[in-house]
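Residue numbering restarts at 1 for every chain, and letters A, B, ... go by the order of the sequence lines.
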Amino acid sequence: MNKTVDNWEPKIVAFLCNWCSYAGADLAGVSRLQYPPNLRVIRVPCSGRINPLYIVKALQQGVDGVLVSGCHPGDCHYISGNLVARRKFALLKNFLAYLGIEPERVQFSWVSASEGSRFAALIEKVVDEVKELGPAKKLVKKGL
Amino acid sequence: MHKKAMVIGGGIAGIQAALDLGEMGVETYLVEKGPSVGGRMAQLDKTFPTNDCAMCILSPKLVEVGSHPYVTIVSNAEVLSLEGSPCNFRVKVLKKPRYVDEDKCTGCGICMSKCPIKIPDPYNKGLSQTKCIRIPFPQAVPAIPIMDKETCRYHLTGKCRVCEKFCEVKAIDFEQKEQVLELEVGSVILACGSQEFNASLKNEYGYKLFPNVVTSIEFERILSASGPTSGHVVRPSDGKEPKRIAILQCVGSRETQAGNEHCSAICCMQAAKDAIITQEHLPEVQTAIFYMDVRAYGKGFDRFVDMAKEQHKTRFICGRIASVESNPHTDTLLIQYITQEGIINREEFDLLVLSVGLEPSESSMDAARRLVVFMDTRGFLETNTFRPVNTTRPGVFSCGSISGPKDIPESVMEASGAASAAAALLGELQSKEIRFEYPQELDIRGIPPRVGVFICRCGINIASTVDVPQVVEYVSRLPGVKHAQELLFACAQDSQKIIKAAIEEKGLNRIVVSACTPRTHEPMFQKTLKESGVNPYLFEFANIREQCSWVHQKEPEKATEKAKDLTRNSIVKVVFAEPLYKETLDVKKEALIIGGGLAGMTAALDLAEQNFQVHLVEKEKELGGNLRHVHTTLKGEESAPILKALDEEVNKNPRIKLYMNARIREISGYIGNFKTVLDPPLSEIEHGVVIIASGGEEYQPKEYLYGEDDRVVTQRELEDMLNGSDKSKLSSLATVVMIQCVGSRDDERTYCSRVCCSNAIKNAIKLKELNPRPAVYVLFRDIRTYGLKESFYRSAREKGIIFIRYDKEEKPDVHKNSNGLAVDVRDKILNKTLAINPDLLVLSAGIIPNPENKLLSQFLKVPLDPDGFFLEAHVKLRPVDFATDGVFVCGLAHYPKDIGETIAQARAAAGRAATVLSKDTIEAEGKVSYIREERCNGCGACVEVCVYNAIELDTEKRIATINEALCKGCGACAATCLASAIDLKGFRNEQILEALEAI
């Protein structure tokens, strides 16, 4: 992964739930809303599926930012999976803060299937904030 | 006999009816007049009272109906005639030209982007522009463009053909002609819906005269993230955010001068919703809703209105707008209105939203005429209270707002009810499994991954941004990849042949397609795999169109890099994929129905008619429930003969087994395989589904001297008197007072009991008919004669019945004095306290839930709402289902409702139950959770997070067990398990972690 400062571009992993946020990302595309190409999406059935370990793993792999997005509270396709996720991530946030990971690196959001523009704006914001922070090195395994 | 059906109208009601019929194995034509199914719901931003995003919940239904093997969508078409008799109809359908070949078009949309002609976008109510050739909206089904001949440059001038030039699959056909299809079906469902009132007819409100006056549906588009302003709430004149918004109710409803006499049933809640959402967009906004009555008569509606008032600063002003002026310099509106106290106010607003009513549409009236079914004088379909989904023509059923304005859940209930009725007519349904012949599946055990990668150019949609050959070149060198190639359109039929040939020639055992979104196209490629003998779960999709080429159009190099990354990730994920198989389970084709009231009996008869064995359990010694106390309907139909006929039919039906004076002692099992112990007899019944029809009860008032004075009775007691021997006593009355909302809408029970206003009006009219002399006063908070019931409110007022509004804070005072009973009530209009001395005080006591609901909910592991009624899976789109499969609800167990609504819902529950019972086996999801027993320590954390009750703790072995039949594959358990003992097939930890390694 290229981490020289001159042409550094952050790499951001987004875990998107299939029913709302992934559909919101699709709508951004259908609406041809432009946003920075730094995102790599991993589709999951529900934000409740996301094991906090995945986020730590992504940071260990040298990813500079992680975005997790599910359905709005109340909209979950699986009734309350997003609330299960919310509880987990509240704890994870504390853990990451304890490790010294800046809060902007790991962000949680809700995007519905009709919020294409919200999705595009969110990506813009996350990319900007992670750029501001510079490359993530804290958890990167040696040798990468 | 044709075991086929036709649904006319592709709104939410028609979609649901078609899906239910399809699931019951009935081949169904869904005829839609427009270019896409979806109806009005597709234009809504959110839905009340949960503020669910309308498109989020609708679009999966659109995809489902578009890909259902038993549903054929005939879009851009209308029905010309219906001949023949039930079970043997011949229908002529006129299919109008789209000027696009539906078989060839891939929906890539290039024609739309290249077309030079802009026209107002009907989807956005003309608030934005679209192209002359256009896909109606992004989620449209079918996703095929339609050309507007009237504005097409080629059609007008003979020159242009730009769309044709760019269409790579040659789908444009300028010469397309009308086509008349002749179809044979056994039953027909009319679901053509309604239309919005034309606000221009009420020009005193300034619609189309002033720029900042919009209709509620236009405002809905303005609020929508996919609307003309991308969800920025701005006023049309200057694009500025409004600070003060007025919403005027009943525009074109509840008035006869230019509008309609009926109430449109949905607008009060829509206004409350819009006020809440607007305030979420613009925290500082001040919204005022001008209303006549707040008709929040549904489940959770009153709480929603309270939320609008208390948390979202919405003013509800009881009064009408007298005049609207617009300041020509600022386009700000000066609104003059009169409050109920008679005070004239003038106030400035930045935006006025007119809550336009619903009325019969021209096209639905045309359809009714062509099908020769009767309409009422207003143009809505004529229905009988006891036959809510039947039209006047046998074999033709109806659902949705074609028979009167109604909201989404009621339309959906009627749709499932109509589907059930239409299927019952067709008789015993063959349990036709939807099976296709697939070749023997390859056994991949021990064979190293041989991945085939196909990169789609999507015409120029992907290829103009992403360097597709470069991606192909890159991925072909990745480990495991044995074949990589590009395709012009991966979804085209000839591409499927190419993929199959590559699988065969190169011995591929895993496939990756990099193209558009898996949400629409994954099932199609999975079918291609199955046809080649490859397990459909050995497939991964990389989305390089919606999430790459379309959103990085100006950065082709970076987009190409991203496309490589996304494809590489999918390759890694597919390498670690395993073949998955769907569990099947047998279905016991019998139903248990709990409750022998109107709902239970109706559902039982519907299922019996479809040849399913029914066990009907009633806790009392006779059938009928609350219907025994309802003597007539609002329309005046007698209920006793209906009840008698139902009772006889249920008793003599050989497929219905009755258990009287019986209770449920225990229920266990799951969809397809429930076991229930009754008492008496203490025997076990096996059944595949459960319908809860446990009913409700009349509230026993503790207030207003009820039980202390004989002159105080409930509406039910009055109805018994009106229809019994006590009738003569009533003729001597001089003054009667009725008090509404007794035991409803108070602090203890916050909900509206929905039927009491109509009941009071029904009885008041009866009293007046018996003897016109007595003064009848109805003390009310809001009169909620929603929909077509409004005409009875009007007729009550015409008969001289006096209606006096009171506030929750200032309830009427009832006491005894020297003159007998005394009722004091504050009349706001007169600004005086009135003292009335009635001979009879009638309390409109509300409906309370059956106290046994709690126990039933525990038996069946289904939830109750805060008021004690059963809480359905989704208030809008799954109104009779639960998250737990195989359990359904109808009647008062769900929420207070009238006779017609109860019957419609009961038929819906029967229809939904039949979709299960008509199958021999049920297929579970393929991507489900599984347990590694050796790791499980039986902590039970997974049991807690599973809302589907799919996980149980084996207390003996101290491990969790998963019932794959119930698992929906959300994965919450897998993410929660601290011991990594649970994993989710298709999204296994290993797959995701490996994909992250390759990021």
Contact winner vs chain A - [options], heavy-atom pairs under 4.5 Å:
| options | result |
| --- | --- |
| T976(B), N51(B), L566(B) | T976(B) |
| L993(B), I135(B), V947(B), N569(B) | L993(B) |
| H874(B), E555(B), R545(B), E944(B) | E555(B) |
| G969(B), C977(B), A54(B), G231(B) | G969(B) |
| A873(B), P518(B), A559(B) | P518(B) |

(Q) Test side chain to side chain contact (heavy atoms under 4.5 Å, CB included) on L39(A) and K562(B); report intermediate values, then the result. (A) CA-CA 8 Å; L39(A) 205 65; K562(B) 181 174 176 180; 4.2 Å; yes
(Q) Is K554(B) in contact with chain A via its backbone, its side chain, both, or neither, using a 4.5 Å heavy-atom distance? (A)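 When you check distances to chain A, atoms from both the backbone and side chain of K554(B) fall under 4.5 Å.
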Q | Interchain contact, Q139(B) with chain A, by part (heavy-atom threshold 4.5 Å) | A |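 It is the side chain, since no backbone atom gets that close.
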Tell me the closest heavy-atom pair linking [X] and [Y], and the distance in Å.
| X | Y | answer |
| --- | --- | --- |
| V945(B) | R87(A) | CG1-NH2, 4.3 Å |
| R49(A) | C970(B) | CB-O, 3.4 Å |
| G29(A) | V551(B) | CA-CG1, 3.6 Å |
| Q61(A) | L996(B) | CG-O, 3.4 Å |
| P36(A) | H552(B) | O-CE1, 3.4 Å |
| Y948(B) | H77(A) | OH-O, 3.8 Å |

Heavy-atom cut-off 4.5 Å, strictly under: side chain, backbone, both or neither for [X] against chain B?
| X | value |
| --- | --- |
| L83(A) | neither |
| H72(A) | neither |
| V41(A) | both |
| S31(A) | neither |
| L33(A) | backbone |

Q | Min side-chain heavy-atom separation I42(A)-K573(B) under 4.5 Å | A |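 They are not in contact (no side-chain heavy atoms under 4.5 Å apart), so the answer is no.
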Q) Can you find a pair of side-chain heavy atoms, one from D26(A) and one from N543(B), that are under 4.5 Å apart? A)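 Yes. Closest side-chain heavy atoms under 4.5 Å.
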Top residue by heavy-atom pair count (under 4.5 Å) with chain B, among [options]?
| options | answer |
| --- | --- |
| E115(A), R40(A), R43(A) | R40(A) |
| G48(A), P37(A), C46(A), P52(A) | P37(A) |
| N18(A), I50(A), V84(A), V30(A) | V30(A) |
| W19(A), Y78(A), F119(A), F15(A) | Y78(A) |

Q. In Å, rounded to the nearest 0.5 Å, how long is the span from OG of S117(A) to NE2 of H232(B)?
A.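 Going from OG on S117(A) over to NE2 on H232(B), the span is 6.0 Å.
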**Q.** Atom pair CG (L978(B)) and CG (N51(A)), whose distance is rounded to the nearest 0.5 Å
**A.**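 That separation rounds to 9.0 Å.
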**Q.** Over 12 non-hydrogen atoms of neighbours within 6.0 angstrom of CD in E280(B)
**A.** yes
Q: Could I get the full list of side-chain contact (heavy atoms from CB on, under 4.5 Å) partners for S570(B), not counting sequence neighbours?
A: V512(B), E540(B), A542(B)
Q: Check for a donor-acceptor pair, side chain of Q34(A) on one end and backbone N or O of Q553(B) on the other, with a separation under 3.5 Å.
A: yes
**Q.** Audit row: E546(B), L27(A), side chain to side chain contact (heavy atoms under 4.5 Å, CB included) steps and yes/no
**A.** CA-CA 7 Å; E546(B) 279 84 345; L27(A) 182 61; over 6 Å; no
